[in-house]
Each structure stands twice: as structure tokens, then as C-alpha cells.
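What follows is one structure encoded as C-alpha cells, with my remarks underneath.
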Amino acid sequence: MAGFLFHDIIFGPVRSRRLGLSLGINLLPAHKKYCSFNCIYCECGWTPPHTDDPKQFPERELVSRFLARSLAGFVEEDYLPDAITFAGNGEPTLHPEFEGIVDDTLELRDKFIPSARVSVLSNASMIHDPKVFRALLKLDNNILKLDAGSERIFQLMNNPAPPVNYHNLLENLKKFQGKLIIQSMFLRGNFRDQMVDNTTREEVDEWLIKIREIHPEMVMIYPIARATPVQNLEKIPIFELEAIAELVRKTGIEVKVYQ
Ligand code: SF4
């Protein structure tokens, strides 16, 4: 599967299930997926092998210039996005200048569209890096992925590249002291001759234990929406997602289900 890729640094705005009218910032190479995970459900397709060339990332100055131009245009047209979101062709926090770009973006948001919330959709694989951790804390919506309640499901669903480690990832998520939003994809299917199902009672219970420990501001639950690299994955019906959400609600944590 080729996957759904973005070809520009600034894209949209797109109607997002979770963020409203959202202007995207793609900090990854154009035309190519670049990620520390290889999720079996990834809309961008499979993760190709990485190269370490820093030139493949858009330069900080270029991102700032394009964003300023784009925001000025929206102000002129009186067509204001609800959100400015770091997303795109993979994991945005892998950009070596992520913190500086976050600072520039917040400054430009304040100047042009102060009502827009600056968000990130991240897999949390870089939160051990103090610069990334600091940058994420500056954002209005620090949205980090946690699909799995167990190491086995984490490995099967997310396929992290070494040295990402489930235990360390959980410990680092707790360090945000609740200033984060957890995003969780639920699905069923087969991968590498193994059943992948994070909707079983056992898996959901394990995931809930971790959610309680992390204690995020909110949990976002969602099913598959587009084509996935593994073909046999099942879109979980809304009533099942609502049942999982109800378990989260009982812990006192806000939760929303997105279709
Ligand atoms: S973390 Fe996101 S971009 Fe990376 S493989 Fe998973 S779904 Fe795709």
C-alpha cells in the first residue's frame, strides 16, 4: 500500500475528526513517510528504512516563513482554522529542531490567529529527550499515542524501532503529570500469524491501569478511518468504543469517541 502522504510543509486546513478545521504542519520529508513506529494501521503505509540525512527535514526558517505566509492569507480571507497541528508523514518530534519550530509556531499563532490551538499528534517515542519533552509541554494539545495495555500488543500494533521500550515509554508519559491527551486506536485483526485485538476485556483492563497511572486531561478513542497496510483489520463499531469509553469515564477522566 502506497499510503496517504502529504507533499507540502503546510497543508490544509483539513476537517479533523478531533481538532475541527486544522491547518497541518508536516515536519517530515515531503513525499516520504518517516517514523519511529510502523503501526499496522498507519494511513501513511509501511515505514521505509530510515536515512540519517538532516537535510531531508524542512529547515526551521522555511517552516516559519511558509506558516507566516499561510496564516496571513487566512486572516485576509477571514477563514480562520481552529487548530494548527504538527502531523503529516510520520512522527513530528523526530525533527531535530522541533522545539525551536514549536516556539516559532506559537509566536506566529499569537500574532495572526490567537484563537487557534496548537496541537501535536505524536507517538511519544521521543519524550525521553528533554528538548522534546519541554516543547510538548508548551503546546495547547499535547496528544500522545497509547494503543496498548501490554508489551505484546504494543509490539504487534505499533512495531516500534529500537530502542523504544514500552516500560520506559509509560514511565515517561507519567512525567507529564497529566498535561497530555492520550489518543488510542482500537482494532482487531491478524498480523504475523498472531491475533491482534486490543478490545478484549483483558487488554482493555491492562490499558485502563496505565491510563489511570498517566492520568491525562483527556482520552481520545477512535477506530480505523482509512486504508491500512495490513488488509484484514476490522473497524470497531461505535457501541464497542463507547463501552470502552464508559470504563474510562468511571475513572473520572474525560473521554471522547471519534468515528
Ligand atoms: S506512529 Fe503514526 S505515523 Fe508512525 S506508524 Fe504509527 S500511525 Fe503511522
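Note that ligands are numbered from 1 as they come in the structure, with each ligand's atoms numbered from 1 the same way. Only heavy atoms go into these numbers, but all of them, side chains included; no hydrogens, no water, no symmetry mates.
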So, does Met185 sit close enough to ligand 1 that a heavy atom of it is under 4.0 Å from the ligand?
-> no
Under 3.5 Å: donor-acceptor pair, side chain of Ser70, backbone of Phe66 | no
State yes or no: do Met195 and Ile224 share one hydrophobic cluster built from I, L, V, M, F, W and Y residues joined by side-chain heavy-atom distances below 4.5 Å, directly or via other members?
-> no
Do you know which of Arg65, Arg109, Arg60 makes side-chain hydrogen bond (donor to acceptor under 3.5 Å, both in side chains) with Asp104?
-> Arg60
Ligand 1 versus Cys35: contacting region, heavy-atom distance under 4.0 Å | side chain
Which residue supplies the protein heavy atom nearest to atom 2 (Fe) of ligand 1, what is that atom called, and how far is it?
-> Lys145 CE, 4.1 Å
Among Glu206, Glu202, Glu203, side-chain hydrogen bond (donor to acceptor under 3.5 Å, both in side chains) partner for Ser150 | Glu203
Are Ser122 and Glu91 close enough, and set up right, to give a side-chain hydrogen bond (donor to acceptor under 3.5 Å, both in side chains), and what steps lead you there?
-> CA-CA 6 Å; Ser122 164; Glu91 174 49 38; 2.8 Å; yes
Heteroatom N/O/S of Cys44 within less than 2.8 Å of atom 8 (Fe) of ligand 1 | no
Counting heavy atoms only, which part of Glu43 comes closer than 4.0 Å to ligand 1: side chain, backbone, both or neither?
-> neither
Starting from atom 3 (S) of ligand 1, find the nearest protein heavy-atom neighbour and note its residue, name and distance.
-> Gly90 CA, 3.7 Å
Numbering as shown, the atoms of ligand 1 that approach Asn123 to under 4.0 Å (heavy-atom distance) = 1 (S)
Look only at the side chain of Asp197 and the backbone of Arg188, and say whether a donor-acceptor pair between them is shorter than 3.5 Å.
-> no
Those atoms of ligand 1 less than 4.0 Å from some heavy atom in Lys33 = 5 (S), 8 (Fe)
Can you check whether Lys179's main-chain N or O pairs, donor with acceptor, with Asn142's side chain at less than 3.5 Å?
-> yes
Report yes or no: does Cys42 have an N/O/S atom closer than 2.8 Å to atom 6 (Fe) of ligand 1?
-> no
